[in-house]
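Structure first, commentary second.
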Amino acid sequence: MKKSFKIFYITIIVIVIVVIVALLLLGRNSHSDLSGSISEKVDQYLTNEKFQGTVLIAKEGEVLFSKGYGLAAADVPNSPSTLYPIASLSKTFTAVAVMQLVEQERLHLDDAVSQYFPDFPKGESITISHLLSHSSGIPDYLKPNFKFDYSQEWNPLDIVKTVSYSELEFTPGKSFRYSNTGYVMLGLIIEKVSGQSYANYIEEHIFEPSSMFNSMFTVPAGMPQAEGHIEGKVGPFMHHSAAYAAGDIISTAEDLERFDRALRNHVLISKETSELMSMTHAKKFPHRYGYGWYTQDVMGKKAVGHPGGYPSGFRHYVARLIDEDLTVIVLSNEMTVNAKRINRHLTSIVLQQPIWIWEERL
């Protein structure tokens, strides 16, 4: 018995040692296979990944790298000026718009949803803060059980009605669960408070002061734009109204960098408000969320970030390292691209800091 226990104990120790050695040897990527300047290493990495889309990296107000890969559409190459539906990256714009109205005291973070949606069940217990931080408990209308048809044109009020008779998933403010529905409701609140359509408000109060002259909600006929792909084939049609304030902005990598610069220079909102948006207001392991941003530690650095994706074949990720004044923008029109993983590796290359395998997912 003692001999068997000893053998078992030694086996466990050997396994632990092997795992530790494997992690040390294989679990950390220093990108030693890349050579040249940082820009050259970034280009080599993206080429090796067979990346399809556009990457822009900015640090301290200067663009370090900006390049497109593969095709946006037939005979149209991806470039930093390519138009992409940025999907859920739009949520940060919606959150900034709400915070502008908060700064003007035209609404308050603790306002109850019932103030704007009198018939919404339990709306008196849900606040604007809960909507911003995905802590409302309101179900996401894109969950499979709602069988939402994203190919048809939608009125945002009808999107909200899709879930209005469903039970809350948890007590508001007590947990975190990503809900596109909450951001559709925020868009409608912006309209009610400002007296403008959601699109007009964003254009006047965010696009224009940020000099985002190539951002829009509807692409004019004949203007080239990226087509979504799934394993190389053009993806299914998605009507932009199916996302509304949760994800219907169309923009470019260059314009997203201008938006980032406007935020860093406090053109759109104050420093204090920006810091409030970057604080964690809701969490459920492994997720932490502020207002319009996931709050993160990226390779030991304080950061915020957000993914964006459409089932029509788009995958994006933007990360902003706060103290390093570093922003990494990855936009892809290929569904199979892991935009967050690529974003993390690009960050590693720019910081010249090895990345552990688990840091790809954080």
Side-chain angles (χ1 to χ4, degrees), residues 26-87 89 214 224-229 231-232 251-261 264 298-299 301 303 305-309 313-321 324-357 359-362:
L26 305 173
R28 201 178 193 204
N29 190 338
S30 61
H31 301 289
S32 57
D33 58 321
L34 308 176
S35 60
S37 66
I38 288 177
S39 292
E40 289 170 334
K41 289 179 179 179
V42 166
D43 187 40
Q44 290 168 35
Y45 172 77
L46 293 168
T47 300
N48 293 343
E49 287 286 315
K50 297 181 172 60
F51 175 69
Q52 178 177 325
T54 300
V55 163
L56 189 150
I57 303 172
K59 184 170 174 51
E60 297 174 353
E62 299 291 331
V63 175
L64 296 182
F65 184 88
S66 182
K67 187 176 179 180
Y69 296 80
L71 293 178
D75 301 320
V76 180
N78 276 312
S79 76
S81 60
T82 295
L83 288 169
Y84 295 88
I86 63 170
L89 300 183
N214 294 312
Q225 60 179 308
E227 289 182 328
H229 292 79
E231 296 182 340
S251 190
T252 70
E254 291 173 333
D255 266 13
L256 290 177
E257 188 276 328
R258 293 182 180 106
F259 175 59
D260 171 73
R261 200 184 321 155
R264 291 187 185 276
V298 176
M299 302 177 65
K301 317 291 185 183
H306 215 287
F314 292 92
R315 281 290 177 267
H316 315 312
Y317 204 89
V318 171
R320 304 172 73 231
L321 276 66
E324 283 65 32
D325 199 354
L326 172 65
T327 300
V328 180
I329 299 167
V330 176
L331 306 178
S332 178
N333 59 325
E334 170 53 59
M335 176 75 91
T336 58
V337 166
N338 187 332
K340 184 175 184 178
R341 174 181 163 276
I342 287 174
N343 195 298
R344 292 291 186 258
H345 278 272
L346 295 176
T347 302
S348 166
I349 293 168
V350 173
L351 294 178
Q352 302 181 68
Q353 181 177 328
I355 182 171
W356 290 100
I357 189 169
E359 290 178 316
E360 297 178 355
R361 299 171 175 81
L362 295 177

Would you check if [X] and [Y] make a side-chain contact, meaning some heavy-atom pair closer than 4.5 Å?
X: Asp33; Y: Asn48; value: yes
X: Thr327; Y: Arg264; value: yes
X: Tyr317; Y: Asn338; value: no
X: Leu326; Y: Leu351; value: yes
X: Glu257; Y: Ile329; value: yes
X: His31; Y: Lys41; value: no
X: Pro307; Y: Lys340; value: no
X: Val42; Y: Leu34; value: no

Is the backbone N or O of Gln52 less than 3.5 Å from a side-chain atom of Ser332, with the two atoms forming a donor-acceptor pair by type? yes
Who pairs with [X] by salt bridge (Lys or Arg N to Asp or Glu O under 4.0 Å), at least two apart in sequence or on another chain?
X: Arg341; answer: Glu49, Glu360
X: Arg258; answer: Asp255
X: Asp43; answer: Lys67

Over all atoms of both residues, closest heavy-atom pair of [X] and [Y]:
X: Ala72; Y: Thr82; answer: CB-CG2, 3.8 Å
X: Asn343; Y: Ala319; answer: OD1-CB, 3.3 Å
X: Val298; Y: Ala303; answer: CG2-CB, 3.6 Å
X: Pro80; Y: Gly68; answer: CD-N, 4.1 Å

Of all residues at least two apart in sequence or in a different chain, which pass the ring pair (Phe, Tyr, Trp, His ring centres under 6.0 Å) check with His306? Tyr289, Tyr294
Side chain to side chain donor-acceptor pair (under 3.5 Å) against [X], all qualifying residues, sequence neighbours excluded:
X: Ser251; answer: Ser215
X: Tyr45; answer: none
X: Glu254; answer: none
X: Arg315; answer: none

[X] [atom1] to [Y] [atom2] distance, which is reported to the nearest 0.5 Å:
X: Asn78; Y: Leu331; atom1: CG; atom2: CG; result: 9.0 Å
X: Asn333; Y: Leu83; atom1: CG; atom2: CG; result: 12.0 Å
X: Arg344; Y: Ile357; atom1: CZ; atom2: CD1; result: 15.0 Å

Residues that Asp75 engages under side-chain contact (heavy atoms from CB on, under 4.5 Å), provided they are two or more places apart: none
Which residues pass the side-chain contact (heavy atoms from CB on, under 4.5 Å) test with Pro354, not counting sequence neighbours? Arg28, Ser30
Could you give me the CA-CA distance, side-chain angles and deciding distance for Gln352 and Ile38, then say whether side chain to side chain contact (heavy atoms under 4.5 Å, CB included) is met? CA-CA 8 Å; Gln352 302 181 68; Ile38 288 177; 3.7 Å; yes
Output every pair passing salt bridge (Lys or Arg N to Asp or Glu O under 4.0 Å) with a member in residues 330-339, not counting sequence neighbours, ordered by first then second residue. none
Verdict with reasoning, Val318 to Asp260, per side chain to side chain contact (heavy atoms under 4.5 Å, CB included): CA-CA 10 Å; Val318 171; Asp260 171 73; over 6 Å; no
Under 3.5 Å, which donor-acceptor pairs do the side chains of residues 54-65 form with other protein atoms, sequence neighbours left out?
from, atom 1, to, atom 2, distance (Å)
Thr54, OG1, Ser79, O, 3.0
Thr54, OG1, Tyr84, OH, 2.8
Lys59, NZ, Glu324, O, 2.7

